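Computed over heavy atoms, backbone and side chain alike; hydrogens, waters and symmetry mates excluded. This structure is a prediction, so every number in the text was calculated from the model and none was measured. Index from 1, following the sequence.
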Amino acid sequence: MDKIVCKCGHVNPAGTELCESCGRPLSQHSKDQKLVDMRYEGSARRSQTYNKTIIDKIWNFFSSVKVGMWIIVAILVAAAIGTILPQVFYVPATREEDIAAYYERVYGWFGTLYYELGLSDLYSSWWFQTLVGMLGISLVIASLDRVIPLYKSLKRQKTKRHVSFLKRQRVYGEGEVESPVESLEKAEEKLKALKYNVKREGNAILAEKGRFSRWGPYVNHLGLILFLLGVMMRAIPGFYVDETMWIREGETLYIPQTDGYFLESKQFIYETYTKEESEEVFGEALDRVGSIAKNYQTDIALYKGPDDAIAGHPEDLKLVKEESIQVNEPLKFDNFSVFQMDFRLNELKSMTFHLEDKETGTNHGQFTVELSNPQSMYELNDGYKVEIVDYYANFSGFIDGEPQSETPEPKNPAFLMKMYSPEFPKGESSFVMIQNTLEPLGETAHKVKFESVETRDMSGLTIRKDLTLPILMLGGLIFMIGVAQGSYWNHRRIWLQYLEDGKMVVAAHTNKNWMSVKKDIDEVSKVTNIPPYEDQQDLDTKLEKEEIQEGEK
């Protein structure tokens, strides 16, 4: 597009409303306005100048503030939908079929629909990430579309401006004054005393301060862009880990998402306040609830496998360190933190039985079943043995004659066993529970009798790694700097110009807090002669009110 040459000779980019050099209105629109639009100093914005190519249309789409607001609304609505049901990382299942079954079992048809639409993993879904990416693009383009021409315009602004520019400022005054040159000199000194940056060009003065506040909104955008970048980086493998693991006392397990690290739970400690030591603080609460946790911790050993080991295989482990994990005192290693988040007390560890002759009461041998890893066959005395045909860790009843297990945790274990003896070499079947024994295939001569149970505690641990945190914090810090920059300072400019016709002109502009700039002009007028000024916007408002009142009469 053709560039615009001002009468002053300055060549302006196409689309410029006010001459970058003298401020003279260039378009008919700006000439018709009583007050100039100083939001972007009348500079040419790409989105308002070019609209022919596909790149122009994409640029114009993302530079629109309305489009940006609608994208934010869409993200907020999506995020709100994501809070209706728990997200998939809070569901106690890892396999897809188990996750789908969980939503169906707990939330019915709505849970199934929620899962099928992908809302259960909303924040990692491609379309949510696309919305976040679109918001980032909108912030970048909207910022570039405005900040570059604004920067150029402010950097190139001249001290002496055309009177048509000054007349269109909201605060304006003109008149003849005594000793104009001396008045300008005194005004210059006073403005400097008021902390203005003052430039003098012949009989013109431009006093300016607080220009940096104009960049506050764009500093905000930069902070938001960094913040969104950090959020999107969480989807990249290795940058963000938030896993949970349950580990029983004595177990050694692979730590999810780590590079060959294993954790051994040596001991879980649970302590509560006694009545004596908690009398002052928890006295009444202790009477009401019975016990209050004082400390729960897991004493652990951290191991590292060899670099060429198969993932998850506990072979040739080397001890890294031993520590105690307590609330707010996590185990830390290689950017990972392991937090104590939960616990379960007295989980069944093993059950001890013996095989007994029902008629004589003869004990043919004892065996212990490790509930986390039961053997299939237990050899007893004199050729007697017991086979575990099937194991139901959390027996919940029969459906169509088939035993069911609600969860894999050994909360209510039951066993389908086969008892072998010299009298019955093909075995007798029995269904054994903690306090009951069934004989589904007929009465048996032997029975498995429960003797004792051993329990142990479990620790619920959360494994966290967040390499995006520094980026998020930096983005948040820059955003808050932008908020303070744009909120607590304002960009003030005062023009004083002695014209050839013998009149002096005073004009002023600020992006907010007009009382402040008027107060500064009043301070200058106390020490020197400058013409009185008017707030042209207040004048217009006053005239409109008078016209309305006249019409009502």
Side-chain angles (χ1 to χ4, degrees), residues 75-76 78-100 102-103 106-107 111 114-115 118-133 226-248 251-265 268 296-298 300 302-304 311-312 320 323-344 408-409 458-476:
I75 290 174
L76 291 176
I81 293 172
T83 64
I84 295 176
L85 296 183
Q87 288 292 291
V88 69
F89 37 82
Y90 295 118
V91 171
T94 54
R95 297 185 305 167
E96 284 299 319
E97 53 268 34
D98 294 337
I99 296 171
Y102 175 85
Y103 277 98
V106 178
Y107 304 106
Y114 198 80
Y115 175 78
L119 300 176
S120 58
D121 195 16
L122 185 143
Y123 303 115
S124 301
S125 63
W126 65 267
W127 60 270
F128 187 82
Q129 292 292 329
T130 301
L131 280 176
V132 174
L226 278 175
F227 195 87
L228 291 175
L229 180 65
V231 171
M232 296 185 72
M233 286 177 67
R234 288 188 166 201
I236 301 174
F239 276 86
Y240 181 73
V241 173
D242 187 3
E243 296 279 349
T244 59
M245 66 182 290
W246 285 92
I247 186 168
R248 300 173 174 87
E251 275 188 332
T252 300
L253 297 178
Y254 171 67
I255 306 176
Q257 304 285 338
T258 60
D259 186 18
Y261 282 98
F262 289 78
L263 207 61
E264 179 188 3
S265 173
F268 176 77
Y296 53 93
Q297 71 179 57
T298 305
I300 58 91
L302 179 69
Y303 298 97
K304 177 80 165 65
V320 178
E323 277 191 17
S324 294
I325 303 174
Q326 293 177 296
V327 177
N328 297 328
E329 294 183 16
L331 164 71
K332 294 186 177 180
F333 63 96
D334 285 0
N335 296 318
F336 285 92
S337 296
V338 181
F339 293 87
Q340 177 77 54
M341 299 296 287
D342 204 352
F343 62 89
R344 292 176 189 165
E409 289 80 28
M458 288 180 68
S459 300
L461 306 177
T462 294
I463 299 96
R464 292 232 173 96
K465 174 185 176 183
D466 193 352
L467 298 182
T468 67
L469 198 57
I471 299 174
L472 295 176
M473 292 176 66
L474 179 63

Q: Say whether, by atom type as modelled, one donor and one acceptor occur between the side chain of Q340 and the main chain of D342 under 3.5 angstrom.
A: yes

**Q.** CZ on F339 to CD on Q326, rounded to 0.5 Å
**A.** 13.5 Å

Q.
To the nearest 0.5 Å, what is the distance between CD1 on I247 and CD1 on I325?
A. 8.5 Å

Q.
Applying salt bridge (Lys or Arg N to Asp or Glu O under 4.0 Å), can you list everything that pairs with R248, at least two apart in sequence or on another chain?
A. E251, E347

Q) Nearest 0.5 Å, what's the CZ-CG distance between F343 and L461? A) 12.5 Å

Q | For Y107, all residues meeting side chain to side chain donor-acceptor pair (under 3.5 Å), sequence neighbours excluded | A | none

Q: Grab the two heavy atoms, one from S324 and one from Q297, that are nearest each other, plus how far apart they are.
A: OG-NE2, 3.4 Å

Q: Of all the heavy-atom pairs spanning G476 and F227, show the shortest one and how long it is.
A: N-CD1, 4.3 Å

Q | Residues F128, I75; criterion side-chain contact (heavy atoms from CB on, under 4.5 Å); working and verdict | A | CA-CA 7 Å; F128 187 82; I75 290 174; 4.1 Å; yes

Q. Rounded to the nearest 0.5 Å, how far apart are OG1 of T468 and CG of L226?
A. 12.0 Å

**Q.** CG-CG distance between L474 and L469, expressed to the nearest 0.5 angstrom
**A.** 11.5 Å

Q) Looking only at heavy atoms, what is the nearest atom pair of Y254 and Y261, with distance? A) CD1-O, 3.4 Å

Q. Is there a side-chain contact between I471 and M233 (heavy atoms, below 4.5 Å)?
A. yes

Q.
For a quick test of reading the model, state the closest non-hydrogen atom pair linking L263 to L302 and the distance between them.
A. CD1-CD1, 3.9 Å

Q) For residues 459-472, which residue pairs qualify under salt bridge (Lys or Arg N to Asp or Glu O under 4.0 Å), counting only residues two or more places apart or in two chains? A) R234-D466, D242-R464

Q: Could you label the plane-to-plane angle of the F268 and Y296 rings as parallel, tilted or perpendicular, counting under 30° as parallel and over 60° as perpendicular?
A: tilted

Q: Applying side-chain contact (heavy atoms from CB on, under 4.5 Å), run through M245 and I463 and close with a yes or a no.
A: CA-CA 8 Å; M245 66 182 290; I463 299 96; 3.5 Å; yes

**Q.** Results of side chain to side chain donor-acceptor pair (under 3.5 Å) for Y303 - residues two or more places apart only
**A.** E264

Could you list the donor-acceptor pairs under 3.5 angstrom formed by side chains in residues 80-87, with sequence neighbours left out?
residue: T83; atom: OG1; partner: A80; partner atom: O; Å: 2.5
residue: Q87; atom: OE1; partner: L122; partner atom: N; Å: 2.8
residue: Q87; atom: NE2; partner: G82; partner atom: O; Å: 3.1
residue: Q87; atom: NE2; partner: L119; partner atom: O; Å: 2.9

Q. How many angstroms lie between atom CG of L331 and atom OG of S337, to the nearest 0.5 angstrom?
A. 8.0 Å

Q) Any side-chain heavy atom of F333 within less than 4.5 Å of one from V338? A) yes

**Q.** Closest heavy-atom pair and its distance - T298, S459
**A.** OG1-OG, 2.6 Å

Q: For Y123 and A79, indicate whether the former's side chain and the latter's backbone hold a donor-acceptor pair under 3.5 Å.
A: yes

Q: Identify the two heavy atoms, one from Q257 and one from F336, that lie closest to each other, and give their separation to 0.1 Å.
A: O-CZ, 3.3 Å

Q | Listed once per pair and sorted, the salt bridge (Lys or Arg N to Asp or Glu O under 4.0 Å) pairs that draw on residues 121-131, sequence neighbours left out | A | none

